[in-house]
Amino acid sequence: MTFTQKDIISIRDFSKKDILEILKLAEKMEPIARSMEICQVLEGKLLGNLFYEPSTRTRLSFEAAMQRLGGGVIGFAEAGVSSATKGENLTDTVRIVGEYTDALVIRHNMEGTARFVADEVDVPVINAGDGAGQHPTQTLLDLYTMQRILGKIDDLHVALVGDLKYGRTVHSLAYALGMFGVKMSFISPVELRMPREVLHDLSNSGIYVNETEDINEVLDYVDVLYVTRIQKERFPDPAEYAKIKGAYLINSKLLQGSKAIVMHPLPRVDEISHDVDNSPYGKYFQQAFYGVPVRMAILKKLIK
Ligand code: NCD
């Protein structure tokens with residue numbers, strides 16, 4: 001696809017070829033992301049960062065990406081400092097910021113918000129997470145991490161672990177891995193299983209998925225353990241969260257003898273022990289860094 005001026009709302013808007021094109025450009029961006037080369041290709045351009053939900057990595061890596069390419073960033077990190085607190089509706093806010101900028105990044109707690117915003121503004125809109133919906137740019141950096149560390153994406157066996165119900169990163173990632181014909185295991189408490197519609201879509205595309213509660217079943221053969229946080233803020237009933245929290249704990253002892261690398265979109269709460277951080281298994285800090293070159297590639301492709 002031609003990326004210029006396109007919105008990035010769902011990973012399902014991409015083909016495998018589109019994804020590989022972004023990953024290829026991301027690799028070229030790495031020396032610039034590491035400040036070993038200078039690039040001003042987006043000089044004079046402005047990105048609008050509209051974060052209605054908390055964020056550290058996504059927001060800051062978009063900022064770093066834009067500035068590394070010579071562009072500027074405006075926006076807010078929480079709705080509390082925007083005119084939303086005065087009663088301004090979302091449509092008015094995005095219409096205005098869309099006029100000020102060349103592209104918008106939006107994170108919101110309501111599923112479908114990014115799609116709605118994309119219909120309201122002329123500049124490209126990037127979904128940085130819409131409730132329990134999707135998080136497509138996280139998926140691109142997740143795929144990039146697998147490719148950089150394991151040398152490939154095709155033919156891997158990836159286990160998605162934790163909150164598969166409310167976790168938006170795993171929804172996007174499952175669809176993308178499906179495009180690459182990756183074997184998948186979904187490991188979660190029964191209450192937090194992958195939504196039926198995602199399973200249905202995958203099986204319609206002939207994708208093999210194994211669902212279980214027991215992580216020990218897959219440790220011998222998976223290449224990647226993609227661990228996620230239980231999404232406390234999305235539980236309608238705090239008592240339900242209290243029952244499930246701490247369902248999985250990944251530590252060095254558990255991983256002994258496994259060939260798997262451990263990835264996590266972060267933030268982690270208590271699902272990965274700190275003894276994994278500097279072990280050969282722990283790759284989540286490297287993964288977080290890759291957010292910068294991947295988002296540089298996305299911005300370079302989208303902004304006219
Ligand atoms: C994730 C998110 O916001 O969905 N964080 C991120 O962008 N790296 C994961 C999470 O909050 O658990």
Side-chain angles (χ1 to χ4, degrees), residues 8-11 26 33 47 49-66 75-79 104-115 125-146 158 160-177 186-189 192 194-195 198 224-235 241 244-250 262-272 277 282-296 298-299:
I8 298 189
I9 308 298
S10 159
I11 199 70
L47 180 69
N49 253 348
L50 308 181
F51 280 75
Y52 289 87
E53 261 200 345
S55 171
T56 304
R57 275 149 294 270
T58 305
R59 184 174 62 82
L60 294 179
S61 63
F62 265 114
E63 285 193 17
M66 192 64 185
F76 49 81
E78 53 161 332
L104 285 182
V105 175
I106 181 153
R107 171 173 284 187
H108 202 279
N109 64 358
M110 224 161 59
E111 220 169 304
T113 303
R115 181 85 64 196
V125 171
I126 302 171
N127 182 7
D130 59 331
Q134 286 243 347
H135 194 349
T137 66
Q138 177 70 41
T139 292
L140 292 168
L141 81 90
D142 295 340
L143 296 172
Y144 185 73
T145 305
M146 291 177 204
V158 178
L160 306 183
V161 185
D163 187 346
L164 307 187
K165 178 178 181 180
Y166 296 119
R168 53 197 173 201
T169 64
V170 283
H171 299 160
S172 297
L173 186 55
Y175 281 118
L177 293 173
F186 292 166
I187 300 162
S188 70
L192 298 178
M194 186 63 85
V198 178
V224 179
L225 283 174
Y226 188 96
V227 186
T228 60
R229 168 180 75 88
I230 312 269
Q231 308 278 300
K232 181 180 182 184
E233 68 276 27
R234 311 231 185 273
F235 279 69
Y241 170 74
I244 295 174
K245 77 176 172 72
Y248 296 102
L249 172 65
I250 315 294
V262 179
M263 293 174 58
H264 191 304
L266 302 177
R268 87 176 125 180
V269 184
D270 51 10
E271 57 280 357
I272 302 179
D277 295 1
K283 300 296 180 196
Y284 27 92
F285 293 117
Q286 196 173 341
Q287 177 188 359
F289 166 73
Y290 287 145
V292 179
V294 169
R295 290 181 169 120
M296 289 168 78
I298 293 167
L299 294 171

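Whatever order the structure lists ligands and atoms in, that order sets their numbers, starting from 1.
Ring geometry for Tyr284 versus His264: interplanar angle over 60°, hence perpendicular rather than tilted (30 to 60°).
Note: no N/O pair closer than 3.5 Å links Pro267 and ligand 1 by distance alone. Here's the thing with Thr169: none of its N/O atoms is less than 3.5 angstrom from an N/O atom of ligand 1. The distance criterion of under 3.5 Å between nitrogen or oxygen atoms is met by His135 with respect to ligand 1. Considering both main-chain and side-chain atoms, Arg57 never comes within under 3.5 Å of ligand 1 through any nitrogen or oxygen pair.
Checked by atom type and distance alone, the side chain of Gln134 pairs as donor or acceptor with a backbone atom of Ile11 at under 3.5 Å. Judged by distance alone, the side chain of Arg107 and the main-chain N or O of Pro54 form a donor-acceptor pair under 3.5 Å. One N or O on the side chain of Thr228 and one on the backbone of Asp163 form a donor-acceptor pair closer than 3.5 Å.
For the pair Arg295 and Phe62, the distance from NZ or CZ to the six-membered ring centre is under 6.0 Å and the angle to the ring normal is within 45 degrees.
Atom 9 (C) of ligand 1 has Leu266 O, 3.7 Å as its closest protein atom, hydrogens excluded (heavy atom only). With respect to atom 11 (O) of ligand 1, the closest heavy atom belonging to the protein is Arg229 NH2, 2.8 Å. Closest to atom 4 (O) of ligand 1, if we only count protein heavy atoms, is Arg168 NE, 2.8 Å.
Remark: ligand 1 atoms within the under-4.0 Å shell around heavy atoms of Thr58 are 6 (C), 7 (O). Within ligand 1, counting atoms from 1 as listed, the ones closer than 4.0 Å to a heavy atom of Gln231 are 10 (C), 12 (O).
For atom 8 (N) of ligand 1, the choice among Gly167, Gly131, Pro265 with the nearest heavy atom turns out to be Pro265.
Residue contacts with ligand 1 leave out Glu53, since none of its heavy atoms falls under 4.0 Å from the ligand. The shortest separation from a heavy atom of Thr228 to ligand 1 is not under 4.0 Å, leaving the residue out of contact. Not a single heavy atom of Ala128 sits less than 4.0 Å from an atom of ligand 1.
Scanning all heavy atoms of the two residues, the minimum distance from Arg229 to Pro267 falls at CD-O, 3.4 Å. The two residues Leu160 and Val170 have their closest heavy-atom pair at CD1-O, 3.9 Å. Shortest non-hydrogen contact noted between Asp270 and Leu249 is O-CD1, 3.3 Å.
Checked for salt-bridge contact, Arg168 and Glu233 miss the test: no charged N lies under 4.0 Å from a carboxylate O.
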